[in-house]
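Heads up: the structure comes next, in structure tokens.
Each chain gets a letter, A, B and so on, in the order the sequences are listed, and its residues count up from 1. Both backbone and side-chain heavy atoms feed into the values below; hydrogens, waters and symmetry mates do not. Treat the numbers as computed from the prediction; the structure is a model and nothing was measured.
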Amino acid sequence: MPHKKPAPNPNEEGGPAQGRRDFLKQSSLLAAIAAMPPLLVKAADAQLDEKAAAYFEKLPLSVEVNGVTHRLSIEPRTTLLDLLREQLALTGTKKGCDHGQCGACTVHVDGQRVLSCLSLAVMQEGKKVTTIEGLANGENLHPMQEAFIKHDGFQCGYCTPGQIMSGIACIREGHAGSDDEIREYMSGNICRCGAYPNIVKAIADVKKGGQRI
Amino acid sequence: MINFEYIRVATAKAAVDALVKDGVAQWIAGGTNLVDLMKKGVTAPQKLIDINNLALKEIKKEGSKLRIGALALNSAVADSELVQKEQPLLAQALQAGASQQIRNMATVGGNMMQRTRCPYFYNTDMPCNKRQPGQGCGALKGYNRMHAIFGASDKCIAVHPSDMCVALAALDATVQVTGPKGSRSIPFLSFHRLPGELPQKDNTLERGELITGIEIPQNAFAKSTHYLKVRDRSSYAFALVSVAAAVDMQRNAIRDVRLAMGGVAHKPWRLTAAENFLKGKEATEANFGQAAQLAIQGAKGYGHNNFKLKLAPNAIVEALKTAVGKS
């Protein structure tokens, strides 16, 4: 149900979580007051604390995921994949290798397929992200999802969300003209069950159907 | 991944200023290599300066030259009609690299700046002079199947992993950079460097110098080019060896030719002796074979990669044959 408003998230801005910067400032200020002569307190607060606080600072992020705009507060090191899975509870996007080698984490950002494991979430400011959860229209599956079922394009299913996101992009890019071209442009999505022949069939079938996807 | 500070800049000047001001900062563009290296603990910048908002994405003709902005995506360059028509070798090389997802993220400048994929560089439990100068080279007497046969030193035998750069080396591209001391243009062959005593330095950029774009001069090669990439699987793998071949044919004679190899050295490896031999000669397999033998003079294997001493000349002949339509 992609258009349902998600439950309130403690990581959203204005949530109950107190900013780490404020916490650091307050706690170290208290420690400083206890241990230092008054003149040093001011200096420490202005410089060292500022640096330490900035290092752990959470940054605001506004990003649209499957049609819903989220205003979040995140650490710079958070990847888009971890944001989707851990903070937005969208676990359809899979973490396979987490190093850009398997394609299981493929999502669309502004219509282009990318690897969410190598994308920093903070760099997606103002962008539109589509995940596997954003494809179906209510109970009606996306034509690529239907095709994967029809052609048995998976066994264990772990790579499937990435395969489907990549397959849709492959057709939209105009890179699904032949089985060879599909294989080449799907090479970033690894399937260790070896469902490749049926994945190619599913994509070729959707392409042949000529539906607008 | 160790946390870091993050800022965005909007102009090249702001990017340079921010980096010069902050000794622990690094620029980030596509991030496909940098984020991976940060996850592995190979590098841990304390601050990232996001340069993606800089207006450096354009692909256009400037006079007779083709100019490509440093932030143009690998997929955008590979799919560009202008590039495919005027510099098909570059499009072929880009299409041979990575996967479409990565090409949709990776930029031209980032492609040039990517680090080696040597497993000893990537594994922080192993010795590596490139990662930690003075530690020693694990690959020298280790598992060095992917490693260099040209221009290596006893400090480092890693190879540069890019396909795009091999084509740019063959096509006499130049690199435009801007930095604290102003702007300059670097011939592509002088951009990357050999390891020598300083394997930690991949290229000749100075601290604070930002790549703004590349320029490729007009040429007459568009009809006869081929990028041959030999790898362990047919797609989405780094090259064992690769050959960029561009030929200007006049009937059956070679008027001009460019040859460069990937997967064989710390930088894209231009085959000047082979080019000079072929100029004015007929495009025959025998001549290609002789050129290939000239090209691998001075090559040296390190054990596991000895097969490249045979694979490299064979690949040169095959790439030339395909480029001139005789395969």
Handout entry: Side chain / backbone / both / neither for B:Asp36 at chain A, heavy atoms under 4.5 Å
Key = both

Fill in the blank from the handout: Separation between OH (B:Tyr6) and CD1 (A:Ile74), nearest 0.5 Å, reads 9.0 Å

Handout entry: Positions in residues 156-191 of chain A that reach chain B, provided some heavy atom is under 4.5 Å away
Key = A:Ser166, A:Glu173, A:His175, A:Glu184, A:Tyr185, A:Ser187, A:Gly188, A:Asn189, A:Ile190

Problem - Any residue of residues 112-132 of chain A which, by heavy atoms, sits under 4.5 Å from chain B - result: A:Gln112, A:Arg113, A:Val114, A:Leu115, A:Cys117, A:Leu118, A:Ser119, A:Leu120, A:Val122, A:Met123, A:Glu125

Practice task
Working to the nearest 0.5 Å, report the span between CG of B:Asn104 and CG of A:Asp110.
Solution key: 11.5 Å

Problem - Under 4.5 Å from a heavy atom of chain A, the part of B:Asn33 involved - result: neither

Practice task
Answer yes or no: does atom NZ of B:Lys85 have more than 12 heavy-atom neighbours from other residues, nucleotides or ligands under 6.0 Å?
Solution key: no

Exercise for the section: Below 4.5 Å from any heavy atom of chain A, which atoms of B:Leu34 appear? Answer side chain, backbone, both or neither. Expected result: neither

Practice task
Look up atom CD in A:Gln101 and atom OH in B:Tyr236, then write down how far apart they are to the nearest 0.5 Å.
Solution key: 6.5 Å

Fill in the blank from the handout: Rounding to 0.5 Å, atoms CE (B:Met1) and OG1 (A:Thr79) come to a distance of 6.5 Å

Practice task
Heavy-atom pairs under 4.5 Å with chain A are the metric here; pick the option from B:Asn52, B:Ile28, B:Leu48 that has the most.
Solution key: B:Ile28

Exercise for the section: Could you tell me the separation between the NE2 atom of A:His99 and the CG atom of B:Leu37, rounded to the nearest 0.5 Å? Expected result: 10.0 Å

Problem - Most chain A-contacting option - heavy-atom pairs closer than 4.5 Å, from B:Met38, B:Lys40, B:Gln95 - result: B:Lys40

